[in-house]
Amino acid sequence: MEAKLKYIGYASLTLGFLAALLCPLAIFWGILTGFFGMIVSSIYIFIDTKNEINTKKLTPGVIGLLLSSVPVLFMLAIIIIVKINH
């Protein structure tokens, strides 16, 4: 179980990093990648919490979830800036 969780954690971090990297370049692909990153991160957090594998608060699932939410926050910032300047 721990080996599978390790690979899910790597996938979570990779998708989150890719989403954050694609965010300013191609927002559609960043949001799409972030969506899949959030799903994988949620699976990691669920399995980790259910089986109590990691006792740390900052796990790869949490970091991946934060990185995957960057495109959504970037889009919200753009919308707010446009509304303020309009």
Side-chain angles (χ1 to χ4, degrees):
M1 179 60 76
E2 289 184 32
K4 288 181 184 178
L5 192 66
K6 185 168 81 169
Y7 291 123
I8 294 172
Y10 288 147
S12 162
L13 288 173
T14 303
L15 287 172
F17 180 73
L18 191 62
L21 188 65
L22 286 174
C23 172
L25 304 174
I27 191 69
F28 174 75
W29 295 111
I31 289 177
L32 189 64
T33 308
F35 176 73
F36 290 121
M38 285 184 187
I39 291 173
V40 173
S41 296
S42 298
I43 291 170
Y44 179 94
I45 292 171
F46 175 75
I47 292 172
D48 186 33
T49 306
K50 180 181 171 192
N51 298 326
E52 298 178 357
I53 296 171
N54 289 325
T55 56
K56 299 180 286 187
K57 293 185 186 224
L58 195 61
T59 61
V62 173
I63 296 170
L65 192 63
L66 291 173
L67 287 172
S68 294
S69 63
V70 167
V72 175
L73 296 174
F74 184 75
M75 186 63 109
L76 281 173
I78 289 173
I79 290 170
I80 290 170
I81 290 171
V82 167
K83 290 287 183 181
I84 288 174
N85 290 335
H86 192 279

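Just so it is clear, the values below take in all heavy atoms, side chains as well, and ignore hydrogens, waters and symmetry mates. Note that this is a predicted model, so its numbers are computed, not measured.
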Response to the item:
Which of Asp48, Ile43, Thr49, Ile47 passes side chain to side chain contact (heavy atoms under 4.5 Å, CB included) with Ile45? It is Thr49
Worksheet item: Does a sphere of radius 6.0 Å around CZ in Phe74 hold more than 12 heavy atoms from other residues, nucleotides or ligands, not counting ones at 6.0 Å or beyond?
Response: yes
Worksheet item: Would you say Ser69's side chain and Leu66's backbone share a donor-acceptor pair under 3.5 angstrom?
Response: yes
Discussion item. Hydrophobic cluster membership, with links at side-chain heavy-atom distances under 4.5 Å among I/L/V/M/F/W/Y: are Leu22 and Ile31 in one?
Written reply: no
Worksheet, complete the sentence: Closest heavy-atom pair, Gly34 versus Ser68, reported as atoms and distance to 0.1 Å, is O-CB, 3.4 Å
Discussion item. Starting from Met38, can I reach Leu58 by hopping between I/L/V/M/F/W/Y residues whose side chains sit under 4.5 Å apart?
Written reply: yes
Fill in: Closest non-hydrogen atom pair between Ser41 and Gly64, with its separation
OG-C, 3.4 Å
Fill in: Same cluster (ILVMFWY, side-chain, under 4.5 Å), Ile84 and Ile81
no
Fill in: Point-to-point distance, once rounded to the nearest 0.5 Å, from CG of Leu15 to OH of Tyr10
15.0 Å
Worksheet item: Going from CD1 on Ile80 to CE on Met75, what distance comes out if it is rounded to the nearest 0.5 angstrom?
Response: 12.5 Å
Worksheet item: What closest approach, in Å, do Cys23 and Val70 show between heavy atoms, and which atom pair accounts for it?
Response: SG-O, 4.2 Å
Practice prompt. Look at the side-chain heavy atoms of Ile, Leu, Val, Met, Phe, Trp and Tyr, link any pair under 4.5 Å apart, and say whether Leu21 and Ile78 land in one connected group.
Written response: no
Fill in: Check: Ser12 side chain, Ile8 main-chain N or O, donor-acceptor pair, under 3.5 Å
no
Discussion item. Within the structure provided, determine whether Val62 and Lys57 are in side-chain contact (heavy-atom separation under 4.5 Å).
Written reply: no
Worksheet item: Gly30 and Ala19: which non-hydrogen atoms are nearest, and at how many Å?
Response: O-CB, 3.6 Å
Worksheet item: Quick one: do Phe28 and Phe35 end up in the same hydrophobic cluster if we chain Ile, Leu, Val, Met, Phe, Trp and Tyr together by side-chain heavy atoms under 4.5 Å apart?
Response: yes
Worksheet item: Which pair of non-hydrogen atoms, one from Pro60 and one from Tyr44, has the smallest distance, and what is that distance?
Response: CD-OH, 3.4 Å
